[in-house]
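All ligand and atom numbering here is 1-based and tracks the order in the structure. Quantities reported herein were computed from a predicted structural model and do not represent experimental measurements.
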Amino acid sequence: MTEDWPTLPLRTAPMAAESVDSWIEALARRYRLAPSLLLPALGLSTQGRSINRLVKGTSQEAWRRMEAAAGLPAGALQTVQLAGASLRTTLVGGGSRFCPRCLGENGGRWLVAWRSNWTVACTRHRLLLHDTCPSCTRTPRVYLPGGTTELPPGTCAYQPHRRAERCGTDLAAHSATTAHPAVLAVQTWIDDLHQAADHASDPEAAATLTDLPVVAYWLMAREEIDWQARAAELAFDRTPTQATPVNGRLPRLDAALVAGVLDLARTVLGPDHDAGVTALRDLPHGPARTGVMPAGMSIPRWHAMRGPFPNRFLRAVDPGLTAMDRLRFKSPTPAAEQPTSRGAAERGRLIPHLIWPDWAGRLLPVSGFHPDLFRATAATCLLIPGTSERANHTLPNRFNRRVTPAHVSVLLQGFGDLPAPTLDHVLTAFCRIATYLDTAGSPIDYQRRREQIPAHPLITWAQWRDLACAANSHPGESPRNGESSHGRYLHVKRHLLQLLTGADLGTPTHQFAFTRSGDRSTYADFTAKLTLPLRAALTAHAERILAELGIDEPATWSPPADLAQGLVLPGTDTTALDNDTIRRIVVDEQRTARDAAEALGVHIEHVRLALEHLDRPQRDWKPRALPVTWQRDQEMTQVATREFFAREYVLGRRTLNDLAAETGYHRALLAKAARANGITLKKGKAPVVDDPAWLRDQYYKQRKSTSEIAAEIGTTQMTVNRALHQFGFTPRPPGVHSTPQMMNRLDGRLSVDIRAAVDGGLKGWERLHRFQIAMAFPTLAAAAHHLGINPATLVTQFKRLEGDIGAALFHRSTSGKPQQPTKRGRKLLDYLTKEHILKHMAQSIPRHELAQLSGHEKAGASEQFPRPRRPISPFNNIAVTRLPITTAMLALLNDLLTHPDDQCYGALILTRIRRDPGNIYEQLKRLQAAGWITSRLEDDESWNSRATPGRGPGRRRTYYRLTPAGQDATLHETARLAAKPPRQRGKRKQDESKPAQHQ
Ligand SMILES: [Zn+2]
Ligand SMILES: [Zn+2]
């Protein structure tokens, strides 16, 4: 198609970077025509006289047509075409600036770059460009000149309306203004950016050029900057133009004014990052902002910016932002950027619910923070960098339900309260970790683990027992049938879960959540005291769990420590703590982690974290403890097979005692093994001790304890005690004090029960003494509180005591009754006060402790039971006596409120409310006495109508009705209870809302 176009006979080649209108004009000059007359011959519309349209709006096809028509090789106009296309911001109103020297030297050819608002100088001639014709003061070259006359090169083509003559001023003869060095520098910068963006496809340069107009407008809108003065400095003889954008649009600006703006823009957007930030910070009133964006900039423009400006702006405004915004925009770090929200949800997969232990150590201040909530909140903080404001409100909650935005605020506030620059450095650490996760990722997908691992049984009791025993540690109590796991077994499950998923066990809905207040510290103690071999074994087990789930990841991981480089964080590097001191205090001196924390001036959590690395000596278990039993157990499975039992026990009719004597394994163990092998055991009489010689041998010669003897023959300790008594054997005093002398003196004087108690082990006397103290109190809880110990300790001790003695020693307290010793318990307590018994007790318990007994008793006596209730304040405007109202009572009252009185009698009410407020008739009587309700007896007619024929009417019903005042009181109590959160939830909330509580 282009070949069909008639070719013009005369040729003119375009100049490099020439504007297309200039080339057309030069060509037209050869034909002695006005340029617009040549348009049809070039295949262009005669309507296209706007030069800007010609430069930017000519189609690809038209360009090729022009080349063909002009007799040029295909692509000869390409440079002209591209230079026009890359023109970004053209001058307002169209037109071109110009360098008079250039026009004079190249025969009046115009460069396309002069049409850009951001071209202010000719770097070749070091001149400031002119904006207008000196004669007519018009901007030249808005339209392609028409008419019939040709134009001399480099003249002003302006033709006033309805006038025949053009201005015709020779622009090349215009006086030149030397460019200020700053102007030349600005021009070089702009030219380099164009070069990089258009020829080297440098995205950064392109982004800077795209952002340049936005930044320039924003700067120009700063009224506090005197642009006219700045422009005057660059060109003293200029004619001032308007600088303030009108309706957000650029006004017509002269080159000097633009140069002044660009001079500042160059510092703000230029290659020197710090200078850019400083320039923004040093603006007369600082970097004006609305929220966290430049004041006056439109949101879409701000969000569309891809150059260095957003980062530098955020860095500049950083000191004035809230901690939350600083975190969201990462403004304390060089990575400051506008939130995008795309990363945060994805990043959440890579973050455990509790921040990694080593980072917890670095970040946790020495005091003032609850360690678990701290770790949970700190982990949540890692989601915030780069999160939009809206996402920010919902994200923390969705990540870990325990942590609310308020927790995050309080935590950041807490860091802010520490001496500067702690907060800056902590925020920087959070941002660095988040950026690291976004860019380098993590080898662990915690989200997948959170989804898959809770469904895994983690570790069976047998696995744990074997693992613990193999590492020479005690596995704790085995869970009984149907009982949920507890004690060490529960703790080890928690440990595995936390190890693998970083689970936050403080979240109340969690499967293994801490249920009691002491739970967390017991667990923390357990993990802190894991020996290295056991820890390693558990990690290996965790790896097996991962393998079973098909997860090919390391068991644990944490972001590299060098992310903390150069930061002064409030915590401490737990791997660098003074391990010798920790070892001495916690391991050698058996003192608490808290003692070590105080000695080192760190948080107890720091010591716990450090203990994880410490090579602890292994605990020396007593011979009766499980590990040895376990070892024998392991060997036994080789011997006590099904064949063995079938041969010896079933066919050979031998007894278990017999087999026990032969194999050396305990009778009970054999019984268990037999049952496990499917052998039905013969039921026999409970073994009795009927051999005084054997008993004498066991008890005196072998010095076995009664419980050991009992275990040996498979009977209770009580039976053995009874036998000793029966045979008239002198009981041995306990433990270290068992000298023959003492035994003689004790002869017959110690009650059987005391003997049983102290024979059970060295702690027997202590248990008895504790029992003495506890019985002075109405409840175990009160006693434990007074002693400053865990009530569970007393429960365990007394269970053991009762087990050793073989009888109940006290009636447990109920809500209405204080605890009471049983008859047996009372007798025991009486014995304990006897002088000679006290003497024995004093050998196991320090005198000064015994001396405190009367003090304890006094404290116990002053303890009120039940705990006094706060008196209820009377209603001040309802005429009933106020009563304590439980929810069940309230249900009763509301039932009365919503039913007519002929449907309100005791039995019917009870079926409706489905719960008993505690003897409904009693309660109704109380309410009636207090003036809440009235009652009436069923009338005769109704009563008789209910009679079963031939049997009489039975009991008469009593109907109840709320009095008007009773109704008011009911409504009042309903509203009051509804406003009050359930007691437990309320309590937990209170604990959590104070993350700053001292642990
Ligand atoms: Zn020039
Ligand atoms: Zn003119």
Heteroatom of H125 nearest to the Zn ion (ligand 1) (N, O or S, atom name):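 Sorting the N, O and S atoms of H125 by distance to the Zn ion (ligand 1) puts ND1 first.
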Parallel, tilted or perpendicular, as decided by the 30° and 60° cut-offs, for the rings of F98 and H174: tilted
Metal site angle (apex the Zn ion (ligand 2)), SG from C156 and SG from C167, 10 degrees: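 The angle at the Zn ion (ligand 2) comes to 100°, rounded to the nearest 10°.
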Metal site angle (apex the Zn ion (ligand 2)), SG from C133 and SG from C136, 10 degrees: 110°
Metal site angle (apex the Zn ion (ligand 1)), SG from C122 and SG from C99, 10 degrees: 120°
Name of the residue among T123, L171, T119, L127 meeting side-chain contact (heavy atoms from CB on, under 4.5 Å) with C99: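 The residue from T123, L171, T119, L127 that satisfies side-chain contact (heavy atoms from CB on, under 4.5 Å) with C99 turns out to be L127.
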Between Q195 and D191: side-chain donor-acceptor atoms closer than 3.5 Å: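 Per modelled atom types, Q195 and D191 side chains form no pair under 3.5 Å.
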Side-chain ion pair, D318 and R326, N-O less than 4.0 Å: yes
